[in-house]
Amino acid sequence: MAGLPGAVRTRSGSPGASAALPAPRLAALDGAFLCSPLGGLMGAQAVLGLLVWALIADTTYHLHAAYGWVMFVSIFFWVATVLLFMTYLLQLPLKFYVIPWPLVLLIFNAAATILYITAFITCSAAVQPTSWRQWDYNRRAAASFFACLVMLTYGVSTFLSFRAWKGLGSNAATSQVTNQA
């Protein structure tokens, strides 16, 4: 009767027997990534980028076309940085090993640096000290300062990504010699 589709199956045993089944495994978080230079820089980029677009969004930016570009750059790279941060925190590059992650990070950080340079210049040039709203001036000046900091952090990340992509200064000749020794 055990093979019939409508048969009722009962189990006898202790009530704690079902608790011994392994729980579904959640994605492991990489704690070492948070302490690494890449993790620290990505966290700083996320926080500072959030400050840039929040400060601009709290002003009357829609009256000035230049701040539309600053908002686009800051929000786009904030979202992309948070997604990359979560990707590395969840150790997804180990699962998607086919993707050249050092090259992806190099291109991303170089593009972010270049576009944040333009956003910083645009934001700084659009700040008008004779604004009729003093709080708009303060927020826009602060956004320019934080845009400069974000630009610098992306620049440092670009440098570190370039070194990681190149292999930290080693070349094929030195790696072959050390592998055969």
Side-chain angles (χ1 to χ4, degrees), residues 24-58 61 66-126 139-181:
R25 184 168 181 223
L26 298 174
L29 297 178
D30 189 7
F33 169 72
L34 293 174
C35 298
S36 71
L38 177 65
L41 283 170
M42 285 180 118
Q45 291 160 0
V47 170
L48 294 172
L50 175 67
L51 282 172
V52 171
W53 71 261
L55 285 167
I56 296 291
D58 199 29
Y61 71 92
Y67 288 111
W69 173 249
V70 178
M71 286 292 286
F72 168 74
V73 169
S74 60
I75 290 176
F76 176 78
F77 282 110
W78 180 76
V79 169
T81 300
V82 168
L83 290 176
L84 272 174
F85 183 79
M86 293 306 296
T87 300
Y88 274 91
L89 188 63
L90 295 174
Q91 299 178 359
L92 292 179
L94 298 176
K95 293 180 175 64
F96 300 109
Y97 56 87
V98 177
I99 298 172
W101 289 103
L103 182 62
V104 168
L105 275 179
L106 175 64
I107 292 169
F108 172 75
N109 287 325
T113 302
I114 292 168
L115 291 179
Y116 253 108
I117 288 171
T118 63
F120 165 66
I121 292 171
T122 303
C123 190
S124 298
R139 290 180 184 132
R140 289 176 182 160
S144 296
F145 173 73
F146 288 120
C148 180
L149 290 181
V150 175
M151 175 190 66
L152 292 174
T153 58
Y154 276 116
V156 171
S157 291
T158 302
F159 175 72
L160 294 177
S161 298
F162 179 75
R163 287 190 55 191
W165 176 62
K166 282 296 198 183
L168 296 174
S170 68
N171 59 25
T174 59
S175 64
Q176 288 178 355
V177 170
T178 56
N179 287 342
Q180 294 190 11

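Nothing fancy with the numbering, it's 1 onward along the sequence.
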Backbone of Leu115 reached by a side-chain donor or acceptor of Thr118 within 3.5 Å: yes
Closest non-hydrogen contact found for Ala126 with Ala66 is CB-CB, 4.1 Å
Give, for atom CG of Leu105 and atom CG of Leu160, the distance between the pair rounded to the nearest 0.5 Å. 10.5 Å
Would you say that Val82 contacts Leu50 through its side chain, given a criterion of any heavy-atom pair below 4.5 Å between the two side chains? no
Using the ring of each side chain (for Trp, its six-membered ring), is Trp165 parallel, tilted or perpendicular to Phe162, with breaks at 30° and 60°? tilted
Report yes if some heavy atom in the side chain of Phe77 is under 4.5 Å from a heavy atom in the side chain of Val52; otherwise report no. no
For the residue pair Phe33 and Met42, what are the closest heavy atoms and their distance? CZ-SD, 3.8 Å
For the residue pair Phe108 and Tyr154, does the interplanar ring angle fall in the parallel (under 30°), tilted (30 to 60°) or perpendicular (over 60°) class? perpendicular
Has Trp101 got a side-chain atom pairing as donor or acceptor with Phe96's backbone, closer than 3.5 angstrom? yes
To the closest 0.5 Å, what do you measure between CD1 (Ile117) and CG (Leu152)? 9.0 Å
Within the structure provided, determine whether Leu48 and Leu51 are in side-chain contact (heavy-atom separation under 4.5 Å). yes
Between CD1 of Ile121 and OH of Tyr116, what distance do you get to the nearest 0.5 Å? 14.0 Å
Minimum heavy-atom distance Gly49-Trp78, with the two atoms named: C-CD1, 4.1 Å
Of the non-hydrogen atoms in Phe120 and Cys148, which two are nearest, and what is the gap between them? CE1-CB, 3.5 Å
Inter-residue atom distance Leu38.CG - Gln45.CD, 0.5 Å rounding: 8.0 Å
Counting distance only, does the side-chain N/O of Thr158 pair as donor-acceptor with the main-chain N or O of Asn109 below 3.5 Å? yes
Verify side chain to side chain contact (heavy atoms under 4.5 Å, CB included) between Leu41 and Phe85, making sure each step is shown before the conclusion. CA-CA 10 Å; Leu41 283 170; Phe85 183 79; over 6 Å; no
Working to the nearest 0.5 Å, report the span between OG1 of Thr81 and CE of Met86. 13.5 Å
Nearest heavy-atom contact between Ala143 and Leu55 is N-CD1, 3.8 Å
Pairwise side-chain contact, Ser74 with Ile56, heavy-atom cut-off 4.5 Å (strictly under): no
Is there a side-chain contact between Pro93 and Thr87, using heavy atoms and a 4.5 Å cut-off? yes
